Amino acid sequence: MERTRIAVAGASGLIGSALVRSLTSDGHEVRRLVRHAPRGADEVRWDPEKGRVDPGGLAGCDAVVNLAGAGVGDRRWSDAYKRRIHDSRVNGTAALAKAVASLDAPPRVFVNGSAMGFYGETGERIVDEGSPAGTGFLPELCVEWEAAAAPARDAGVRTVFPRTGLVVARDGGAWGKLFPLFAAGLGGRMGDGRQYWSYIALHDEVAAIRHLVDRDDLSGPFNLTAPEPLTNREITAAMGQVLRRPTLFPVPAPVLRTVLGEMAGDVLGSARVVPKRLLESGFVFAFPGIEDAIRAA
């Protein structure tokens with residue numbers, strides 16, 4: 001891949017920071033969208049919740065990648081925090097899409113992060129990119145989030161939606177909270193453990209995003225999840241096996257509901273999501289299995 005200039009929103013997050021490291025290590029120029037006053041030519045100021053961004057800061061970029069958004073699992077879901085989750089994604093996406101569309105020479109691709117939460121509760125049913133949206137806060141958010149990118153798509157910019165699963169990483173995200181518990185021998189299944197978790201190694205997440213940026217023939221939704229979703233019970237066993245720790249402390253569903261509130265429904269819910277379109281595009285996972293993904297983290 002030739003040297004390119006790529007703007008990244010959410011560059012300080014778990015996925016964004018790993019993507020920036022990957023791009024810069026390969027010699028690409030990265031412009032980070034930041035909330036503070038820019039400290040250099042590689043920073044562009046924006047305010048995602050208020051829907052503000054300087055279009056001039058995106059001029060000359062070959063691609064814009066939006067991974068910004070308040071953390072879904074960072075805290076209990078109060079009405080105020082749910083509004084923040086919504087505004088940071090929908091308003092930020094709309095601002096970027098409008099800015100991209102307004103440029104005389106727009107980027108060739110707009111990669112706008114989404115989530116497997118699009119599908120909601122799937123039980124044992126396998127879902128792919130052709131499956132409909134679920135119901136509830138997260139599915140409805142994802143639908144609105146993706147729809148906010150319409151100005152870029154309508155302007156003829158190739159628009160891609162990576163619907164990311166649970167990212168297996170040592171620091172950050174859901175797994176960042178699981179690793180210390182399991183390392184201390186305090187890990188265990190959640191609820192009855194039969195719910196499916198669709199995961200992806202951080203390495204593969206970054207590689208998949210770059211794949212979507214590079215391939216001019218790819219657009220629309222792509223599930224960024226490992227090929228074989230596993231149950232929470234199976235993942236718990238794998239964590240214990242790799243970390244060589246017991247997994248004797250299950251967390252009952254009522255306790256999760258008390259501690260997490262509404263968010264417990266997504267921890268206890270089942271999401272059996274497969275990356276049909278990503279595999280059809282020729283992408284090859286480096287860490288497709290859960291034990292390999294855990295070791296990589």
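FYI, side chains are in, hydrogens and waters are out, and symmetry mates aren't considered; it's all heavy atoms of this structure. Note that the structure is predicted; figures quoted are calculated from it, not measured. For the single chain, residues carry numbers from 1 onward in sequence order.
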Will you find, in the side chains of [X] and [Y], an N or O donor that is under 3.5 Å from an N or O acceptor?
{"X": "Glu49", "Y": "Ser88", "result": "no"}
{"X": "Thr164", "Y": "Glu205", "result": "yes"}
{"X": "Tyr119", "Y": "Arg163", "result": "yes"}

Student check: side-chain heavy atoms of [X] and [Y] closer than 4.5 Å:
{"X": "Trp145", "Y": "Arg89", "value": "yes"}
{"X": "Asp62", "Y": "Arg5", "value": "yes"}
{"X": "Val274", "Y": "Pro227", "value": "no"}
{"X": "Ser281", "Y": "Arg215", "value": "yes"}
{"X": "Ile294", "Y": "Met239", "value": "yes"}
{"X": "Arg189", "Y": "Thr231", "value": "no"}
{"X": "Pro288", "Y": "Glu228", "value": "no"}
{"X": "Ser12", "Y": "Arg32", "value": "no"}

To the closest 0.5 Å, what do you measure between [atom1] ([X]) and [atom2] ([Y])?
{"X": "Leu19", "Y": "Ser22", "atom1": "CG", "atom2": "OG", "result": "6.5 Å"}
{"X": "Ile209", "Y": "Leu23", "atom1": "CD1", "atom2": "CG", "result": "9.5 Å"}
{"X": "Leu14", "Y": "Leu67", "atom1": "CG", "atom2": "CG", "result": "10.0 Å"}
{"X": "Leu212", "Y": "Leu278", "atom1": "CG", "atom2": "CG", "result": "6.5 Å"}
{"X": "Asp204", "Y": "Phe287", "atom1": "CG", "atom2": "CZ", "result": "6.5 Å"}
{"X": "Arg35", "Y": "Glu43", "atom1": "CZ", "atom2": "CD", "result": "13.5 Å"}

For Gln241, look at atom CD and say whether over 12 heavy atoms of other residues, nucleotides or ligands are found less than 6.0 Å away.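 For Gln241, atom CD is not crowded (no more than 12 foreign heavy atoms under 6.0 Å).
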Might you confirm whether atom CG of Asp217 has over 12 heavy atoms from other residues, nucleotides or ligands at distances under 6.0 Å?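 Yes, CG of Asp217 has more than 12 neighbouring heavy atoms, counting only those of other groups under 6.0 Å.
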How close do [X] and [Y] get, heavy atom to heavy atom, and via which atoms?
{"X": "Pro55", "Y": "Leu103", "answer": "O-CD2, 3.5 Å"}
{"X": "Gly57", "Y": "Val44", "answer": "O-CG2, 3.4 Å"}
{"X": "Pro107", "Y": "Val64", "answer": "CG-CG2, 3.9 Å"}
{"X": "Phe249", "Y": "Leu186", "answer": "CB-O, 3.6 Å"}
{"X": "Ala148", "Y": "Ala97", "answer": "O-CB, 3.7 Å"}
{"X": "Val100", "Y": "Pro106", "answer": "O-CB, 3.5 Å"}

Kindly say whether [Y] contributes a backbone atom to a donor-acceptor pair with the side chain of [X] at under 3.5 angstrom?
{"X": "Glu121", "Y": "Gly123", "answer": "yes"}
{"X": "Arg31", "Y": "Asp42", "answer": "no"}
{"X": "Glu144", "Y": "Glu140", "answer": "no"}
{"X": "Trp197", "Y": "Arg272", "answer": "no"}
{"X": "Thr247", "Y": "Gly188", "answer": "no"}
{"X": "Asp154", "Y": "Gly156", "answer": "no"}
{"X": "Thr225", "Y": "Ile200", "answer": "no"}
{"X": "Asn112", "Y": "Ala149", "answer": "no"}
{"X": "Ser270", "Y": "Tyr196", "answer": "yes"}
{"X": "Gln195", "Y": "Ala271", "answer": "no"}

Check whether the ring centres of Phe283 and Phe285 lie less than 6.0 Å apart, and answer yes or no.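 Aromatic pair counts; centres sit under 6.0 Å.
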Does the cation-pi check pass for Arg277 over Phe222, that is, NZ or CZ under 6.0 Å from the six-membered ring centre and within 45° of its axis?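 Yes, a cation-pi geometry.
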Would [X] and [Y] show up in the same hydrophobic cluster when neighbours are defined by side-chain heavy atoms closer than 4.5 Å?
{"X": "Val127", "Y": "Phe161", "value": "no"}
{"X": "Val111", "Y": "Val30", "value": "yes"}
{"X": "Val90", "Y": "Val53", "value": "no"}
{"X": "Val20", "Y": "Leu202", "value": "yes"}
{"X": "Leu181", "Y": "Trp175", "value": "no"}

Sidechain N-carboxylate O distance under 4.0 Å for [X], [Y]:
{"X": "Arg210", "Y": "Asp26", "answer": "yes"}
{"X": "Arg83", "Y": "Asp87", "answer": "yes"}
{"X": "Arg158", "Y": "Asp216", "answer": "yes"}

Checking side-chain contact (heavy atoms from CB on, under 4.5 Å) for the pair Asp128/Ser131: CA distance, chi angles, key distance, verdict? CA-CA 6 Å; Asp128 60 29; Ser131 302; 3.8 Å; yes
Is there a side-chain contact (heavy atoms from CB on, under 4.5 Å) between Asn223 and Phe118? Walk through the geometry before answering. CA-CA 10 Å; Asn223 294 334; Phe118 178 94; over 6 Å; no
Val160 and Phe110: CA distance, side-chain angles, deciding distance, side-chain contact (heavy atoms from CB on, under 4.5 Å) verdict: CA-CA 6 Å; Val160 191; Phe110 179 37; over 6 Å; no
Between Val8 and Leu33, is the side-chain contact (heavy atoms from CB on, under 4.5 Å) condition met? List the steps. CA-CA 6 Å; Val8 179; Leu33 276 72; over 6 Å; no
Qualifying residue, where the test is side chain to side chain contact (heavy atoms under 4.5 Å, CB included) with Trp46 and the options are Asp54, Leu96, Leu58: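 When side chain to side chain contact (heavy atoms under 4.5 Å, CB included) is applied between Trp46 and each of Asp54, Leu96, Leu58, only Leu96 qualifies.
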